[in-house]
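The first residue of the sequence shown is numbered 1, and numbering continues consecutively from there.
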Amino acid sequence: MITAVEAGLRKHFPDHDAVICVSDGGSEDGTPDVARYAGVGDDHEILLVDKGTPIPRKIVFPYRGTAGKGSAFRSIFDVAVALDVRACAVVDSDLRSITPHWLDRLLGPIISSGFGFVAPVYSRHKFDGTITNSFAYPLTTALYGERIRQPIGGEFGFSGDLARKYSSQEDVWESDVARFGIDIWMTTVAVVEGFRTGQAILGAKIHDPKDPGKDLGPMFRQVVGSLFALAGRYEDRWQDVDEVSVPPTFGFRAAYSAEPIQVSVPRLTWKFVEGYVKHHETWRRILSAESFAGVEHAVADAAENTRGLVLDEETWTMIVYDYLIEYNAREMDPADLIGSLIPLYFARTGTFVQDVWTDSYEEAEAKVERAVDLA
């Protein structure tokens with residue numbers, strides 16, 4: 001990955017000074033050693049930088065901070081501010097599909113056209129990105145009026161001014177929002193603070209795939225908790241939003257091959273029914289009568305195996321807003337509240353997987369967009 005980043009900088013920005021910052025967020029997977037042996041040009045020195053060390057103008061900075069992606073990103077923001085950069089891009093470490101042109105797509109609009117924030121647009125398998133499709137994308141669009149397809153994509157470009165805005169949010173850095181929901185926080189801050197936003201077509205995103213029913217529970221807690229908290233923090237910003245705009249998109253759409261994602265609908269069904277047994281009284285209290293009736297119908301269908309999982313888009317949308325209101329009312333422990341929402345997310349995910357099982361990518365994407373319009 002470091003080699004691809006370096007190649008992209010050399011190819012697309014040969015007349016600009018460049019720094020590659022490798023920030024490991026306190027991980028124990030040997031990040032500094034990997035960076036040492038990366039394909040960085042011989043005319044640049046690789047340095048290990050600890051907290052408090054002056055930052056020289058070199059090309060790679062493996063950085064050790066406290067554990068977590070938020071900590072790793074904060075280090076990058078601090079480096080960007082210290083170097084007074086014009087533009088910065090961040091990419092996830094588990095990528096297997098990054099190519100040099102990604103750097104041009106993420107940084108070019110900022111350097112050449114004055115954009116403040118650039119989010120990615122990927123070609124993903126139709127079962128990938130379920131938290132984005134069912135939650136982050138529709139809710140961010142509805143609340144803030146920007147139709148950003150991948151608000152938690154992991155790869156972003158941003159201006160030096162926005163890096164300073166991120167770095168200066170001292171109260172946020174001590175909260176769960178920055179520790180566990182850094183991607184959605186970055187997107188939300190960029191939009192509500194009035195930075196000019198765009199999107200970059202990056203092609204296929206190939207990374208370590210996850211079965212929604214097996215691996216994504218913790219991520220769901222992090223993203224949804226941050227989304228709800230940010231909605232409460234910026235209530236005055238979205239109350240008057242009455243229209244949705246689509247940010248300019250850079251790059252050309254093409255056919256890409258995304259790795260298939262294996263999803264176990266029986267596992268999602270079982271976890272939903274199990275969740276009903278555990279949380280139905282909480283659901284009855286939080287949800288509107290109409291939403292709860294829809295959940296009970298879905299449970300009956302799943303238990304009788306008549307139609308499989310059926311938690312329709314309209315019911316799911318109402319559930320999300322019911323939970324958003326409850327979260328910001330602060331009458332229930334946030335962790336317990338989000339925990340009770342996870343089985344409902346499993347039900348919606350299983351329903352979507354069944355609905356698009358035989359669909360093409362384009363047909364599945366159209367159904368995601370329809371759900372966004374409902375939100």
Side-chain angles (χ1 to χ4, degrees), residues 1 4-13 15-21 23 69 72-74 76-77 79-81 83-93 95 97-124 129 132 136-137 140-141 144-167 169 181-205 207 223 230 244-254 256 372:
M1 184 183 70
V5 169
E6 186 210 5
L9 293 172
R10 288 181 182 276
K11 177 179 180 180
H12 297 290
F13 305 101
D15 299 327
H16 293 77
D17 292 333
V19 170
I20 301 174
C21 178
S23 185
K69 185 175 180 179
F73 272 39
R74 185 183 188 184
I76 294 171
F77 302 147
V79 169
V81 171
L83 294 179
D84 193 25
V85 304
R86 184 176 175 184
C88 184
V90 290
V91 296
D92 276 346
S93 61
L95 283 172
S97 56
I98 184 171
T99 62
H101 84 271
W102 284 30
L103 277 298
D104 181 41
R105 297 279 172 83
L106 293 171
L107 294 172
I110 298 166
I111 294 173
S112 302
S113 303
F115 282 78
F117 181 76
V118 179
V121 176
Y122 308 114
S123 294
R124 309 177 76 166
T132 296
Y137 179 31
T140 298
T141 300
Y144 306 113
E146 292 271 359
R147 205 174 183 109
I148 298 175
R149 181 63 183 87
Q150 298 288 341
I152 57 172
E155 285 68 55
F156 302 109
F158 49 92
S159 67
D161 288 341
L162 184 50
R164 279 183 281 278
K165 173 66 70 173
Y166 291 149
S167 181
Q169 305 291 301
I182 188 68
D183 292 353
I184 194 61
W185 176 77
M186 289 174 64
T187 300
T188 303
V189 169
V191 172
V192 300
E193 296 294 343
F195 287 85
R196 189 181 177 196
T197 61
Q199 300 184 108
I201 296 175
L202 301 183
K205 180 168 185 174
H207 60 144
V223 172
L230 288 164
V244 174
S245 62
V246 180
T249 301
F250 300 91
F252 300 96
R253 296 189 181 275
Y256 295 95
V372 174

- Query: Can you name the closest pair of heavy atoms from P151 and T132 and give their distance?
  - Reply: CD-CG2, 4.2 Å
- Say whether, by atom type as modelled, one donor and one acceptor occur between the side chain of Y122 and the main chain of G153 under 3.5 angstrom. yes
- Query: Any idea which heavy atoms bring G116 and L162 closest together, and the distance?
  - Reply: O-CD2, 3.4 Å
- Roughly how far apart are I110 CD1 and R86 CZ, rounded to 0.5 Å? 10.0 Å
- Task: Would you please test Q199 and Q150 for side-chain contact (heavy atoms from CB on, under 4.5 Å) and show each step?
- Result: CA-CA 9 Å; Q199 300 184 108; Q150 298 288 341; over 6 Å; no
- Item | Partner residues of R196 under the side-chain contact (heavy atoms from CB on, under 4.5 Å) criterion, sequence neighbours left out | F115
- Would you say the side chains of Y137 and R147 form a donor-acceptor pair under 3.5 Å? yes
- Close side-chain approach of V85 to R164, heavy-atom, < 4.5 Å: no
- Task: Would you please indicate yes or no on a ring centroid separation below 6.0 angstrom for F195 and F117?
- Result: no
- Step-by-step side-chain contact (heavy atoms from CB on, under 4.5 Å) determination, L202 to E155: CA-CA 10 Å; L202 301 183; E155 285 68 55; 4.3 Å; yes
- State, with a plain yes or no, whether a side-chain heavy atom of I152 is found less than 4.5 Å away from one of T187. no
- Task: Identify the heavy atoms of P247 and G198 that sit nearest to each other, and give their distance.
- Result: CB-CA, 4.0 Å
- Note on the structure: Rounded to the nearest 0.5 angstrom, the CZ-CG distance for F250 and D104 is 10.5 Å
- side chain to side chain donor-acceptor pair (under 3.5 Å) with E146: which of T141, T197, T140, T188? T197
- Message: Are I111 and H16 packed together at the side-chain level, in the sense that at least one heavy-atom pair is separated by less than 4.5 angstrom?
- Response: yes
- Item | Which residues share a side-chain contact (heavy atoms from CB on, under 4.5 Å) with V90, sequence neighbours left out | F73, I76, F156, F158, M186
- Task: Kindly indicate whether the side chain of V223, heavy atoms from C-beta on, has any atom under 4.5 Å from the side chain of D183.
- Result: no
- Distance, nearest 0.5 Å, that separates OG1 of T99 from CZ of R105: 8.0 Å
- Min side-chain heavy-atom separation S97-W102 under 4.5 Å: yes
- Taking the side chain as every heavy atom from C-beta outward, state whether L230 and Y144 have any pair of such atoms under 4.5 Å apart. yes
- Roughly how far, to the nearest 0.5 Å, is CG of L103 from NZ of K11? 11.5 Å
- Message: Please report the interatomic distance OG(S245) to CD1(I148), rounded to the nearest 0.5 Å.
- Response: 8.5 Å
- Item | Pairwise distance CD1(I201) to CZ(R149) - rounded to 0.5 angstrom | 12.5 Å
